[in-house]
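Heavy-atom basis, side chains included; hydrogens, waters and symmetry copies ignored. Every value quoted in this text rests on a predicted model; they were computed, and no experiment measured them.
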Amino acid sequence: MNPQIALPRTMRIGGGAVREIAEVTRSLGVSRPLIVTDAFIVGTGAAETMLDDLRDGGLHPELFAGTVPDPTTDSLTAGLAAVTAHRADAIIGFGGGSPMDTAKALGLLGAQGGSMRDYKAPRNNTGPALPVIAVPTTAGSGSEATQFSIITDTFNDEKMLCAGTAFLPVAAVIDYRLTMSMPPRLTADTGVDALTHAVEAYVSKKANPFSDALALSAIATIGRVLRRAYDDGNDVYAREQMMLASTQAGIAFSNSSVALVHGMSRPIGGHFHVAHGLSNAMLFPAVTAFSVRAAESRYADCARALDVALGTDDDSCAANALVSALTELCAEVAVPTPKQYGIDRARWTELTPIMARQALASGSPGNNPLVPTEDEIRDLYAQIYA
């Protein structure tokens, strides 16, 4: 079957693009956007600037700043009330992955109603939604260009993958200047997250020529500039290139898929409240080492794009070089183990069977080059703990 490619209708990319938000919003034929963001963005003054720009553009915006990290089904309640009270005809997701995921969820619920539990994978959501304009402030999630929203079920701590074109933003405004204040820890976690997206998109069983090109481009760029952005947050070139690579990786995995890293990452976030990018980073080297033998040539391509292997290296050597490079990268940017992060070993062991089942149920491990058993997932969780 030929791949079905889905992209935002319009994308504004470059320094200062956020100040064009009114023009982008008007182009969609809407007039009452609700900005969905968090307290941090409000504290920087960026949300008020966006409100002013929208008003100056003849629009009637309102602000909802109640987004929480790793949004939950409960956290959507106040947001949905804000959508209704404002009679919003569009949603602007302004922030990192959590505000954008919240905006996508509110866009769907605002049009269709129900509970997010009704929309989790394996359901493919193609129905109506309020148009979403995504404005990312981190270079990592790629959520501005993906047909996914991740919402945690408050009832059982399940981090639900909700998928389908109903979650795809209609427009994206991608301004690297919004990332200039990111601290090193966030730069590292979101940067490794973007690299995970690109590699998994390329090795996924759903990979295709369209996603392949974007994935390899993102891998090459991240390899060149992630350490620069981590070492010097004021490096304008590195910030600009990381933002572009993050969006490319997002488009790649949205039109291919993620795989085992993401399948195992979501339960860690749901049960232990570890940020998504960081939980991916915790898993990335070990899961790659587990998977590499099933797709050596694909992982070798990733190694060459990352510039850790030569074109003359055989695939086996190149693929193993990728595993070593990912291990070194995570060490250089100080990715902690779950133990170093402060997660109790007994609690980790207790929840491992549940996490393994939830990982498999998400469907993402089924896209991995080597599809794991539940026992193998449990072993990987045990391996990465310390």
### Message
Between T196 and N280, is the side-chain hydrogen bond (donor to acceptor under 3.5 Å, both in side chains) condition met? List the steps.
### Response
CA-CA 7 Å; T196 308; N280 276 344; 5.0 Å; no
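- Summarising the hydrophobic clusters (Ile, Leu, Val, Met, Phe, Trp, Tyr; side-chain heavy atoms under 4.5 Å, direct or chained), the residues clustered with V30 are V18, I21, V24, L28, I35, F40, I41, V42, M50, L51, L54, L59, L63, I92, F94, I133, V135, V170, V173, L178.
- Looking at D235 and R239, no side-chain N of the basic residue comes within less than 4.0 Å of a carboxylate O on the acidic one, giving no salt bridge.
- Note on R12 versus E144: no salt bridge recorded, every NZ/NE/NH1/NH2 to OD/OE distance being 4.0 Å or above.
- The shortest heavy-atom contact between E374 and P353 is OE2-O, 4.2 Å.
- The two residues Q147 and T165 make their nearest non-hydrogen contact at OE1-CG2, 3.3 Å.
- A side-chain donor-acceptor contact under 3.5 Å links T337 to the backbone of Q340.
- Here ring pair (Phe, Tyr, Trp, His ring centres under 6.0 Å) pairs that include residues 331-384, with residues two or more places apart or in two chains, are F272-W348, W348-Y381, W348-Y385.
- Cluster annotation: F148 is not connected to L168 through the hydrophobic network of ILVMFWY side chains, with a link wherever side-chain heavy atoms come within less than 4.5 Å.
- Annotation for K339: atom NZ does not count as buried by contact number, only 12 or fewer foreign heavy atoms lying within 6.0 Å.
- Residues satisfying the side-chain contact (heavy atoms from CB on, under 4.5 Å) test with S364, not counting sequence neighbours, are L161, V258, R266, S362.
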### Query
Between Q241 and R224, is a side chain to side chain contact (heavy atoms under 4.5 Å, CB included) present by the stated rule, with each step listed?
CA-CA 9 Å; Q241 291 297 300; R224 289 196 306 271; 4.1 Å; yes
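- For the pair G57 and R26, the tightest heavy-atom approach, listed with the atom from each and the gap, is O-NH1, 3.0 Å.
- A donor and an acceptor atom, one from each side chain of H86 and H60, are nowhere located under 3.5 Å apart.
- Cluster annotation: L283 is connected to V333 through the hydrophobic network of ILVMFWY side chains, with a link wherever side-chain heavy atoms come within less than 4.5 Å.
- Listed by chain and number, the residues in a side-chain hydrogen bond (donor to acceptor under 3.5 Å, both in side chains) with D70 are K159 (sequence neighbours excluded).
- Judged as a side-chain contact (heavy atoms from CB on, under 4.5 Å), and not counting sequence neighbours, N2 has no contacts.
- In the model, T154 has a side-chain atom that pairs as donor or acceptor with a side-chain atom of T73 under 3.5 Å.
- The two residues D101 and P71 make their nearest non-hydrogen contact at CB-CG, 4.2 Å.
- Applying the side-chain hydrogen bond (donor to acceptor under 3.5 Å, both in side chains) rule to T179 yields no partners; only residues at least two apart in sequence or on another chain are considered.
- With rounding to the nearest 0.5 angstrom, the OG atom of S256 is 9.5 Å from the CD atom of E200.
- If you check the side chains of H271 and E158, you find no donor sitting under 3.5 Å from an acceptor.
- For the pair R378 and A356, the tightest heavy-atom approach, listed with the atom from each and the gap, is CG-CB, 3.9 Å.
- Partners of S98 according to the side-chain hydrogen bond (donor to acceptor under 3.5 Å, both in side chains) rule, which considers only residues two or more places apart in sequence or in another chain, do not exist here.
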### Task
Apply the test salt bridge (charged side-chain N to carboxylate O under 4.0 Å, His left out) to residues R298 and D212: give CA-CA distance (whole Å), side-chain angles for both, the deciding distance (0.1 Å), then the verdict.
CA-CA 10 Å; R298 301 292 283 183; D212 283 354; 2.8 Å; yes
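- Just one residue in the list T247, L226, T221 forms a side-chain contact (heavy atoms from CB on, under 4.5 Å) with M242, and that residue is L226.
- Summarising the hydrophobic clusters (Ile, Leu, Val, Met, Phe, Trp, Tyr; side-chain heavy atoms under 4.5 Å, direct or chained), the residues clustered with V83 are L34, V36, F64, L76, L80, I91, L106, L108, L109, M116, Y119, L130, V132, I151, M160, F167.
- At least one cation-pi condition fails for R228 and Y237: the charged atom is not both under 6.0 angstrom from the six-membered ring centre and inside a 45 degree cone around its axis.
- Taking 4.5 Å as the limit, every side-chain heavy atom of D153 sits out of range of all side-chain heavy atoms of D157.
- At a cut-off of 3.5 Å, with distance as the only test, no side-chain donor of T146 or S254 sits close to an acceptor on the other residue.
- Side-chain contact, S257 with N367: a donor N or O sits under 3.5 Å from an acceptor N or O.
- Counting all heavy atoms, side chain and backbone alike, E296 lies closest to A319 at O-CB, 3.8 Å.
- Placement of I150 and V274 in two distinct hydrophobic clusters is found when ILVMFWY residues are connected by side-chain heavy-atom separations under 4.5 Å, directly or transitively.
- Residues meeting the side-chain hydrogen bond (donor to acceptor under 3.5 Å, both in side chains) test with N125, sequence neighbours left out: R123.
- Proximity of V335 to R185: side-chain heavy atoms (C-beta onward) are separated by under 4.5 Å at one or more points.
- Residue M180 shares its hydrophobic cluster (ILVMFWY side chains chained together at separations under 4.5 Å) with I5, L7, M11, I13, I174, Y176, F210, L214, V236, M243, I251.
- In the displayed structure, R19 atom CZ is contacted under 6.0 Å by at most 12 heavy atoms of other residues, nucleotides or ligands.
- Sorted by first then second residue, the ring pair (Phe, Tyr, Trp, His ring centres under 6.0 Å) pairs that include residues 351-379, not counting sequence neighbours, number zero.
- For R304, the side-chain contact (heavy atoms from CB on, under 4.5 Å) partners two or more places apart in sequence, or in a different chain, are A300, D301, A309, D315, A318.
- Note on F284: it does not cluster hydrophobically with F253, by side-chain heavy-atom contacts below 4.5 Å among ILVMFWY residues.
- Using a 3.5 Å distance cut-off with no hydrogens or angles, the side chains of K206 and S211 do not pair a donor with an acceptor.
- Residues V308 and L329 share a hydrophobic cluster, clusters being chains of Ile/Leu/Val/Met/Phe/Trp/Tyr side chains in contact below 4.5 Å.
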